[in-house]
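See below for the structure under consideration.
Quick note: numbers below take in every heavy atom, side chains included, and nothing from hydrogens, waters or symmetry partners. Owing to the predicted nature of the structure, the values given are computational and were not obtained by experimental measurement. Each chain gets a letter, A, B and so on, in the order its sequence line appears, and its residues count up from 1.
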There are 2 protein chains.
Amino acid sequence: MVHNDTVERILDAASALFAERGFAETSLRTITSTAGVNLAAVNYHFGSKKTLIQAVFARYLQPFCETLEANLDARIGARAGADELLQCLFDSMLESAERVGEPPQRFMRLLGLAYTQSQEHLRRFIVAEFGAHYSRFTGLLKAALPQLDPVAFYWRLYFMLGATVFTLSSFDSIRAILNSEFERDSSLEQAVDLLVPAISGMLRVEQRPPGSGVPAP
Amino acid sequence: MVHNDTVERILDAASALFAERGFAETSLRTITSTAGVNLAAVNYHFGSKKTLIQAVFARYLQPFCETLEANLDARIGARAGADELLQCLFDSMLESAERVGEPPQRFMRLLGLAYTQSQEHLRRFIVAEFGAHYSRFTGLLKAALPQLDPVAFYWRLYFMLGATVFTLSSFDSIRAILNSEFERDSSLEQAVDLLVPAISGMLRVEQRPPGSGVPAP
DNA sequence: GTATGTTCCAAACGAATGTTTGACCGCAGC
DNA sequence: GCTGCGGTCAAACATTCGTTTGGAACATAC
């Protein structure tokens, strides 16, 4: 599995097709014919379809983790706010996607699939590859939100993850709808600019003591 | 496709298996053997696998739409707040799931799959079945958030949808993690109680004029 | 020139898929 | 008693899937 033209053509095609249709719905024959390579090339270079799926993720995850770590080191002090952390996270995502040379929404799409499709091997692979970096970020975010009890914080982490992955992975569809509805084009950067304050506000909502009302607007 | 024991056994099994593994990953043989019926029964009663998938959704969507409409009529005045509307939405979801007799997180899971799996026929079916009720709710919610411009509102609608579908559909996994981490069990109702104020706060965050900072906590 | 190892390729493999078939059963209506 | 009909069933259907195979093509090393 050396640096190789065939290998990269397969990764490119697989990445796009997986993001578009899902793993089970994308056959190796579709991938190889899109990539313009022989069917047997996948099993020769990657071993199996499962390993190919993992390789597609590794190509995104590795630059993303590196970029995130570097940005956290450079821009985040010991006591960072939730906004700075979120901005740092999304900047790293956009940066690393550019480094890989594929659209960020594709990465988000794949990440969403990793959660929703039944690919236990993939979840294990991602945790092994990404777990440490993920923990560093959530630790910093937790310290930035001391008013939340651990359980509430955990849930809000998932709210954030869901809002992010869901919207950014569907960015192309949403943009198409917005274009036809409001005749105004929008970029992924603009979507992130709307997402960051919204999520930041969601994270900072004061915890409701059981039975009380909600704060006035 | 009359009211029939075999039909309901198939729907039960298909609903559970689809939610667990996805559509493409669940074969008709797995469904029929789980349901204890003959393989040919699916094509006899439903016509095809696609139609079966739609029937699974119809069994959830129809009671949910009825319940939501009734609750909106009963509890929501001309000028309702975002909180009331959200509470009404989630109450309707929990109510209708109980009426169908299946766990709400299963419905959320299926809804998430409808978005992420490539099933164009299913999206068309859901829009046709559910579009009018969806528009009524979003119209009310938009009126409750007059400070948001239409595009920002649209995006926040998706943030809300993502946070909801993602977390509630993964409720079982998240609960398992929380149990092992904090030794405290949690119910779906408690998760909804955490979700409603968080989403409500996210929706009510003031729109940031381009280039300005964020509001203080 | 021969040997060696890597990469590519057409073809086939066995297994699994959604769907169709034709016989069979029970039961109503005349 | 026979007929028609809704429902079930085992078996087979044609595809499609991931994977394997054996050899051709090519470059490099001796």
task: For B:Val151, check side chain to side chain contact (heavy atoms under 4.5 Å, CB included) against everything at least two apart and list the hits.
output: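 Residues passing side chain to side chain contact (heavy atoms under 4.5 Å, CB included) with B:Val151: A:Leu178, A:Phe182, A:Arg184, B:Asp149, B:Trp155.
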message: For B:Ala80, give me all partners under side chain to side chain contact (heavy atoms under 4.5 Å, CB included), at least two apart in sequence or on another chain.
response: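 Here the qualifying residues are B:Ile76, B:Glu84, B:Leu85.
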message: If I take atom CG in residue B:Leu17 and atom P in nucleotide C:dT17, what distance separates them, rounded to the nearest angstrom?
response: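 Spelled out: CG on B:Leu17 to P on C:dT17 is 12 Å.
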statement: Separation of C:dT7 atom P from A:Arg9 atom CZ, nearest Å, is 16 Å
Residues two or more places apart in sequence or in another chain: which of them pass side-chain hydrogen bond (donor to acceptor under 3.5 Å, both in side chains) with [X]?
X: B:Ser27; answer: B:Thr30
X: A:Asp91; answer: A:Arg75, A:Gln87
X: A:Glu25; answer: none

Distance test, side-chain N/O of B:His45 to OP1/OP2 of D:dT8, below 4.0 Å: yes
- request: Would you tell me if any nitrogen or oxygen in the side chain of A:Thr6 comes within less than 4.0 Å of OP1 or OP2 on C:dT7?
  value: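 No, outside the criterion.
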message: For A:Glu120, I'd like to know if atom CD has over 12 heavy atoms of other residues, nucleotides or ligands within 6.0 Å.
response: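 Yes.
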query: Tell me, for nucleotides 16-28 of chain D in 5' to 3' order, what letter each nucleotide earns: B for a base near a protein heavy atom under 4.0 Å, S for only sugar-phosphate near one, - for neither?
result: -BBBBB-------
field: Counterpart residues, ring pair (Phe, Tyr, Trp, His ring centres under 6.0 Å), relative to B:Tyr115 (two or more places apart)
entry: A:Phe166
statement: Encoded 5' to 3' (Watson-Crick or G-U under 3.5 Å; [ ] crossing; | other strand), DNA chain D becomes ||||||||||||||||||||||||||||||
- prompt: Could you give all pairs that pass the side-chain hydrogen bond (donor to acceptor under 3.5 Å, both in side chains) test and reach residues 165-180 of chain B, with sequence neighbours left out?
  reply: B:Gln105-B:Asp172, B:Asn179-B:Asp185
